Amino acid sequence: MSLKGKTAVITGASGGIGAAVARMLYERGVNVGLASRGGDDLGLDGAVAAPCDVRDLDALTSLCDETAERFGGIDIVVANAGVGAYGPFLELSRDHLDEMVDTNLKGTLYAVRAALPHMLGREGDVITLASEAGRRGLPFEAVYCASKFGQVGFTRALDHELREQGIRCTNVCPGGVATNFALEEGRGRPREVLAGMMTSEDVAEVVVFVLERPRRFRLPELAFRPSTEPSWG
């Protein structure tokens with residue numbers, strides 16, 4: 001299915017997976033609205049871009065309104081923005097807890113809430129960049145996992161709610177990806193571990209694959225991980 005002429009809003013678009021998704025969609029003729037704290041337009045001609053913290057529903061609403069006004073609506077929202085801090089639960093500060101829940105979970109809710117009014121009446125897609133951490137518990141990642149499990153549950157439920165309106169909702173759940181995010185506070189992974197991980201472009205290709213599927217079927221969840229990661233029970 002061609003994506004040319006469709007309009008997408010991507011959060012966390014200034015780098016990593018968000019930037020890779022934005023560039024791949026743009027290359028396929030998609031109009032893009034880019035939400036990031038720095039307001040970077042990635043050098044994409046005609047993109048709508050604004051400084052936007054996903055914890056701020058008003059800022060997201062303003063960006064989505066501007067994107068819809070310029071391009072005539074919104075067909076796709078990619079809720080990608082995320083943060084992480086890792087370590088024993090009792091060693092995480094209140095700020096750590098609030099930032100992960102507010103950014104990862106509430107930021108996803110806010111992104112969809114801001115975009116969805118402009119998607120109704122169109123055959124669109126909600127893509128949540130969740131994680132394998134949203135499908136299984138991991139040691140020293142309890143709060144991060146909680147925020148990701150919340151994302152997964154929200155998107156699964158929304159897929160049922162919006163199905164009859166022609167909107168598909170998909171959880172994209174990658175394993176290890178070699179971005180700065182993989183080295184977030186408390187992780188301390190060596191560079192040789194990162195070398196075996198997937199790239200941002202690998203994940204972006206999965207997002208594009210989901211979006212290009214014919215409208216006659218849905219992909220509620222797609223989980224994948226690098227070949228270097230062990231199998232899980």
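The structure displayed is predicted, hence computed values, not measured ones.
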> T103 side chain to G107 main-chain N or O, any donor-acceptor pair under 3.5 Å?
Replying inline: no
> So do T155 and T170 actually touch side chain to side chain, heavy atoms under 4.5 Å?
Replying inline: no
> Does a side-chain heavy-atom distance below 4.5 Å link M198 with P226?
Replying inline: yes
> Any idea which heavy atoms bring E132 and C173 closest together, and the distance?
Replying inline: CG-O, 3.9 Å
> Do the side chains of M1 and L222 join up, straight or via other hydrophobic residues, at under 4.5 Å, putting them in one cluster?
Replying inline: yes
> In this structure, are over 12 heavy atoms from other groups packed under 6.0 Å from R70 atom CZ?
Replying inline: yes
> Which residue pairs satisfy the salt bridge (Lys or Arg N to Asp or Glu O under 4.0 Å) criterion with at least one member in residues 72-84, sequence neighbours excluded?
Replying inline: D75-R122
> Where do N31 and K6 land on the side-chain contact (heavy atoms from CB on, under 4.5 Å) test, with the steps shown first?
Replying inline: CA-CA 6 Å; N31 307 309; K6 293 187 178 295; over 6 Å; no
> Any side-chain hydrogen bond (donor to acceptor under 3.5 Å, both in side chains) pairs touching residues 206-220, not counting sequence neighbours?
Replying inline: R28-E212, D125-R215, D159-R218
> Taking everything shown except F224 itself, do over 12 heavy atoms lie less than 6.0 Å from its CZ?
Replying inline: yes
> So which of I127, V152, L129, V126 actually passes side chain to side chain contact (heavy atoms under 4.5 Å, CB included) with N171?
Replying inline: V152
>> Nearest 0.5 Å, please: how far is CG in L109 from CG in L57?
In response: 10.0 Å
> Do V207 and I17 touch side chain to side chain, with heavy atoms closer than 4.5 Å?
Replying inline: no
> Given H118, which of T7, D65, T67 fulfils the side-chain hydrogen bond (donor to acceptor under 3.5 Å, both in side chains) condition?
Replying inline: D65
> Is the shortest distance from a Lys or Arg side-chain nitrogen in R168 or E123 to a carboxylate oxygen in the other one below 4.0 Å?
Replying inline: no
> Hey, quick one: are V21 and V206 part of the same hydrophobic cluster, counting side-chain heavy atoms closer than 4.5 Å, chains of contacts allowed?
Replying inline: yes
> Under a single-linkage definition using a 4.5 Å side-chain heavy-atom cutoff for Ile, Leu, Val, Met, Phe, Trp and Tyr, are V83 and F89 assigned to the same hydrophobic cluster?
Replying inline: yes
> How far apart are the C-alpha atoms of F154 and V112, what are their side-chain angles, what is the distance that settles it, and do they pass the side-chain contact (heavy atoms from CB on, under 4.5 Å) test?
Replying inline: CA-CA 10 Å; F154 166 71; V112 177; 4.0 Å; yes
> Just by modelled atom types, is the A130 backbone N or O under 3.5 Å from a matching donor or acceptor in the T128 side chain?
Replying inline: no
> So, for L25 and A8, which heavy atoms are closest and what is the spacing to 0.1 Å?
Replying inline: CD1-CB, 3.9 Å
>> How long is the straight-line distance from SG of C169 back to CD of E221, given to the nearest 0.5 Å?
In response: 12.5 Å
> Any idea which heavy atoms bring A85 and H96 closest together, and the distance?
Replying inline: CB-CD2, 3.6 Å
> Once you round to the nearest 0.5 Å, how far does CG of L42 lie from OH of Y26?
Replying inline: 10.5 Å
>> Quick one, R55 and E99 - any side-chain contact, counting heavy atoms below 4.5 Å?
In response: yes
> Between I167 and V30, is there a shared hydrophobic cluster once you connect ILVMFWY residues whose side-chain heavy atoms come closer than 4.5 Å?
Replying inline: no
>> Set out, in order, the CA-CA distance, both residues' side-chain angles and the distance that settles side-chain contact (heavy atoms from CB on, under 4.5 Å) for S131 and Y144, then state yes or no.
In response: CA-CA 10 Å; S131 170; Y144 181 70; 4.1 Å; yes
> In Å, rounded to the nearest 0.5 Å, how long is the span from OG of S200 to CZ of R23?
Replying inline: 10.0 Å
> Can L105 and F149 be said to form a side-chain contact (heavy atoms from CB on, under 4.5 Å), step by step?
Replying inline: CA-CA 9 Å; L105 179 53; F149 266 77; over 6 Å; no
> Side chain of N80, backbone of A13: donor and acceptor closer than 3.5 Å?
Replying inline: no
>> Nearest 0.5 angstrom please: C52 SG to Y110 OH, how far?
In response: 12.0 Å
>> Could you check whether any side-chain N or O of T108 sits under 3.5 Å from a backbone N or O of N104, counting only pairs where one atom can act as donor and the other as acceptor?
In response: yes
> Linking I/L/V/M/F/W/Y whenever any side-chain heavy atoms sit under 4.5 Å apart, do M24 and L3 land together?
Replying inline: yes
> Taking C-beta and beyond as the side chain, do L63 and V9 meet within less than 4.5 Å on heavy atoms?
Replying inline: yes
>> Between D202 and T199, is the side chain to side chain donor-acceptor pair (under 3.5 Å) condition met? List the steps.
In response: CA-CA 5 Å; D202 291 333; T199 67; 3.2 Å; yes
> Can you find a heavy atom in the side chain of M119 that is under 4.5 Å from one in the side chain of Q165?
Replying inline: no
> At what distance, to the nearest 0.5 angstrom, does CZ of R37 lie from CG of D53?
Replying inline: 4.5 Å
> Where is the tightest heavy-atom contact between L60 and A35, given as atom of each residue plus distance?
Replying inline: CD2-CB, 4.2 Å
> Shortest non-hydrogen contact from A81 to V54?
Replying inline: CB-CG1, 3.8 Å
> I10 versus V77: any side-chain heavy-atom pair under 4.5 Å?
Replying inline: no
> So, D40 versus S14: side-chain donor-acceptor pair below 3.5 Å or not?
Replying inline: no
> Between Y86 (side chain) and P139 (backbone), is there a donor-acceptor pair under 3.5 Å?
Replying inline: no
